Amino acid sequence: MGTVVDAAKKEANGSSLTEKKVTVVFVLGGPGSGKGTQCANIVQHFGYTHLSAGDLLRAEIKSGSENGTMIQNMIKEGKIVPSEVTIKLLQRAMQENSNDKFLIDGFPRNEENRAAFESVTGIEPEFVLFFDCSEEEMVRRILNRNQGREDDNIETIRKRFKVYMESSLPVIEYYKSKGKVHRINAEKSIEEVFEAVKAVFTPSIEKVAA
Ligand SMILES: Nc1ncnc2c1ncn2[C@@H]1O[C@H](COP(=O)(O)OP(=O)(O)OP(=O)(O)O)[C@@H](O)[C@H]1O
Ligand SMILES: Nc1ccn([C@@H]2O[C@H](COP(=O)(O)O)[C@@H](O)[C@H]2O)c(=O)n1
Ligand SMILES: [Mg+2]
């Protein structure tokens with residue numbers, strides 16, 4: 001852990017991230033629970049910038065980076081890419097963006113992701129949105145997605161679920177113990193889910209006025 005954190009800390013030093021105060025919301029939930037779909041809605045209504053860790057990793061593969069083959073293999077196997085790699089991509093994306101409000105989708109995925117991000121960036125999430133959905137519904141959604149993702153096949157989907165249960169749910173439990181989790185019933189329609197999401201982002205004073 002020491003070297004991962006030290007290397008990434010070096011990168012953070014002197015960066016605009018260390019100077020500007022950013023608000024971060026982690027968007028978590030199982031594969032296919034609707035994280036990306038709802039993030040697009042939140043961007044439209046609440047002015048956040050959406051950073052999907054999975055999208056950043058897929059872009060890194062496409063860019064021909066030296067880590068590309070390793071990332072591609074990890075994604076095909078449903079495994080979690082080393083935190084050092086993903087955190088660098090997230091830091092760079094936040095530094096290059098003038099916004100100060102970010103939705104970080106699909107991260108942290110395990111305890112190593114969580115601890116390294118907090119240690120390297122010094123950022124604690126404002127809160128965590130947790131999209132809770134049954135495995136049956138998530139599988140149905142992924143198999144209907146048709147975005148040409150190499151990990152949207154039943155063999156990899158099963159592996160992603162195993163990783164989610166064993167490594168990602170404990171991170172959600174950690175934030176729950178800190179009172180930071182807003183659980184959303186993600187089983188409903190896209191519109192109904194967004195109604196529940198809106199309630200989380202709308203300040204209580206506006207709810208009273210409405
Ligand atoms: N509430 C919903 N009801 C029905 N279909 C949905 C709902 N939300 C999203 N979908 C559809 O399910 C698929 C998966 O959604 P999305 O890509 O947003 O999930 P995700 O959580 O980002 O998945 P991943 O972790 O694999 O990136 C998409 O085809 C999307 O259009
Ligand atoms: N923190 C993360 C996030 C994602 N990955 C890898 O990318 C795959 C796809 O992620 P989605 O969020 O787009 O579903 C995921 O299965 C992992 O292989 C990661 O390693 N670390
Ligand atoms: Mg997604």
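Predicted model only: the values in this text are computed from it and were never measured. Note that ligands are numbered from 1 as they come in the structure, with each ligand's atoms numbered from 1 the same way.
When the shell of 6.0 Å around NZ of Lys162 is examined, it contains 12 or fewer heavy atoms from other residues, nucleotides or ligands.
Look at Glu126 and Lys101 and you find no salt bridge, because none of the NZ, NE, NH1 or NH2 atoms lies under 4.0 Å from a carboxylate O. Using a 4.0 Å cut-off between charged nitrogen and carboxylate oxygen, Asp151 and Arg160 count as a salt-bridge pair. The pair Arg158-Glu135 meets the salt-bridge criterion, since a charged nitrogen lies less than 4.0 angstrom from a carboxylate oxygen. A salt bridge is absent between Lys188 and Glu195: the closest approach of a Lys/Arg side-chain nitrogen to an acidic carboxylate oxygen does not fall below 4.0 angstrom.
Note that CG of Leu89 is 8.0 Å distant from OG of Ser65, once rounded to the nearest 0.5 Å. Residue Gln91 holds its CD atom at 11.5 Å from OG1 of Thr86, rounded to the nearest 0.5 Å. Asn97 CG to Thr49 OG1: the interatomic distance, rounded to the nearest 0.5 Å, is 4.0 Å.
Tyr164 and Ile80 fall into different hydrophobic clusters, where Ile, Leu, Val, Met, Phe, Trp and Tyr residues are linked whenever their side-chain heavy atoms come under 4.5 Å apart, directly or through other members. When hydrophobic clusters are built by joining Ile, Leu, Val, Met, Phe, Trp and Tyr residues whose side-chain heavy atoms come closer than 4.5 Å, directly or via intermediates, Ile190 is not grouped with Ile142.
Taking atom 18 (O) of ligand 1 as the reference point, the nearest protein heavy-atom neighbour is Thr37 OG1, 2.5 Å. From the protein, the heavy atom lying nearest to atom 7 (O) of ligand 2 is Ile75 CG1, 3.6 Å. Closest to atom 23 (O) of ligand 1 among all protein heavy atoms lies Gly32 N, 3.0 Å. Among protein heavy atoms, atom 6 (C) of ligand 2 sits closest to Leu57 CD1, 3.7 Å. Counting only heavy atoms of the protein, atom 22 (O) of ligand 1 lies nearest to Gly36 N, 3.0 Å. Closest protein heavy atom to atom 25 (O) of ligand 1: Lys35 NZ, 2.7 Å. The single protein non-hydrogen atom nearest to atom 14 (O) of ligand 2 is Arg149 NH2, 3.0 Å, given as residue, atom name and distance. The protein heavy-atom contact nearest to atom 27 (O) of ligand 1 is Arg149 NH1, 3.0 Å.
Short contacts between ligand 2 and Ala53, defined as distances under 4.0 Å to a heavy atom of the residue, involve ligand atoms 1 (N), 3 (C). Close contacts between ligand 2 and Ile80 involve ligand atoms 20 (O), 21 (N) [criterion: under 4.0 Å to a heavy atom]. Within ligand 2, the atoms closer than 4.0 Å to a non-hydrogen atom of Gly54 are 10 (O), 13 (O), numbered from 1 in the order shown. In the vicinity of Val81, heavy-atom distances shorter than 4.0 Å reach the ligand 2 atoms 19 (C), 20 (O).
Judged purely by distance below 3.5 Å, without hydrogens or angles, the side chains of Glu187 and Ser134 pair a donor atom with an acceptor atom.
The option from Arg141, Gln38, Glu191, Arg109 that lies nearest to atom 12 (O) of ligand 1, judged by heavy atoms, is Arg141. Between Ala186, Gly34, Gly29, it is Gly34 that holds the heavy atom closest to atom 19 (O) of ligand 1. The closest non-hydrogen atom to atom 1 (N) of ligand 2, taken over Gly106, Gly30, Ser168, comes from Gly106. Of the options Ile190, Asn144, Val193, the smallest heavy-atom separation from atom 7 (C) of ligand 1 is shown by Ile190. Nearest to atom 11 (P) of ligand 2 by heavy atom, out of Glu150, Arg109, Lys159, Arg114, is Arg109.
Of the listed residues (Asp105, Asp55, Asn41), just one forms a side chain to side chain donor-acceptor pair (under 3.5 Å) with His50, and that residue is Asp105. Thr69 pairs with exactly one of Asn67, Ile71, Asn73 by the side chain to side chain contact (heavy atoms under 4.5 Å, CB included) rule, that one being Asn73. With Gln72 as reference, Glu150 is the one residue of Lys62, Glu77, Arg58, Glu150 to meet the side chain to side chain donor-acceptor pair (under 3.5 Å) rule. Across Phe102, Phe130, Phe117, a single residue satisfies ring pair (Phe, Tyr, Trp, His ring centres under 6.0 Å) together with Phe26, and that is Phe117.
For the pair Tyr48 and Val43, the tightest heavy-atom approach, listed with the atom from each and the gap, is O-CG2, 3.4 Å. Taking all atoms of both residues into account, the shortest heavy-atom contact from Leu51 to Ala93 is CD2-CB, 3.7 Å. Among all heavy-atom pairs drawn from Gly34 and Arg141, the shortest one is N-NH1, 4.3 Å.
Residue contact annotation: Pro31 has a non-hydrogen atom under 4.0 Å from ligand 1. Using 4.0 Å as the threshold, Lys188 has a heavy atom nearer than that to some atom of ligand 1. At least one heavy atom of Arg58 sits less than 4.0 Å from an atom of ligand 2. Ligand 2 lies nowhere less than 4.0 angstrom from a heavy atom belonging to Lys35. Not a single heavy atom of Gly54 sits closer than 4.0 Å to an atom of ligand 1. Using a 4.0 angstrom heavy-atom cutoff, Glu187 does not count as in contact with ligand 1.
In Ser189, the part holding a heavy atom less than 4.0 Å from any atom of ligand 1 is the backbone. Contacts between Asn113 and ligand 2 below 4.0 angstrom, taking non-hydrogen atoms only, involve the side chain exclusively. Under 4.0 Å from ligand 2, not a single heavy atom of Gln147 appears. Using a 4.0 Å cut-off between heavy atoms, Arg160 contacts ligand 1 through its side chain alone, with no backbone atom that close. With a 4.0 Å heavy-atom cut-off, ligand 2 is reached by the side chain of Asp151 but not by its N, CA, C or O. At a heavy-atom cutoff of 4.0 Å, ligand 2 is contacted by no atom of Asp55, backbone or side chain.
Taking distance alone, with nitrogen or oxygen atoms compared against 3.5 Å, Lys79 approaches ligand 2 more closely than that limit. Taking only nitrogen or oxygen atoms, main chain and side chain alike, Ser33 reaches within less than 3.5 Å of ligand 1. The shortest N or O to N or O distance between Arg145 and ligand 1 is under 3.5 Å.
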